[in-house]
Amino acid sequence: MSVPTLCRISMTLSLSTDYILFGKQEKKEKLSVFKALSPMVESVAHSQLPYLESVLKAVISAMNHKDDK
């Protein structure tokens with residue numbers, strides 16, 4: 001991807017470019033990610049929360065599995 005595209009993704013997701021490229025971030029950056037995710041989670045209908053939880057668990061599991069290799 002181009003640098004401008006990376007920057008737009010970074011700004012939209014409130015993630016550092018280092019995190020997007022290398023998958024690592026500092027603890028203080030994690031807090032800002034939680035703050036950015038909170039409004040998105042709050043916008044989900046209560047009945048849809050189990051689906052969101054399942055998706056997040058699957059993504060995190062896949063990311064952890066990738067790191068193990």
S.K.: Working to the nearest 0.5 angstrom, can you tell me the gap between Met11 CE and Thr17 OG1?
M.R.: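 The distance works out to 12.0 Å.
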
S.K.: What's the separation between atom CG in Leu49 and atom OG in Ser54, rounded to the nearest 0.5 Å?
M.R.: 11.0 Å

S.K.: Applying the 4.5 Å side-chain criterion to the ILVMFWY set and letting contacts propagate, would Leu6 and Phe22 be lumped into a single cluster?
M.R.: yes

S.K.: Over all heavy atoms of both residues, which pair between Met40 and Ser43 is shortest? Give the atoms and the distance, please.
M.R.: O-OG, 2.7 Å

S.K.: Are Val55 and Leu13 linked, directly or through intermediate hydrophobic residues, by side-chain heavy-atom contacts shorter than 4.5 Å (ILVMFWY only)?
M.R.: yes

S.K.: Roughly how far, to the nearest 0.5 Å, is CG of Leu56 from CG of Leu37?
M.R.: 7.5 Å

S.K.: Can you hop from Leu52 to Ile60 via hydrophobic side chains spaced under 4.5 Å?
M.R.: no

S.K.: Look up atom CG in Leu15 and atom CG in Leu21, then write down how far apart they are to the nearest 0.5 Å.
M.R.: 11.0 Å

S.K.: Could you state whether Ile9 and Met63 fall into the same hydrophobic cluster, counting links through intermediate Ile, Leu, Val, Met, Phe, Trp or Tyr residues with side-chain heavy atoms under 4.5 angstrom apart?
M.R.: yes

S.K.: Would you say the side-chain atoms of Ser61 pair up with the backbone N or O of Lys57, donor to acceptor, closer than 3.5 Å?
M.R.: no

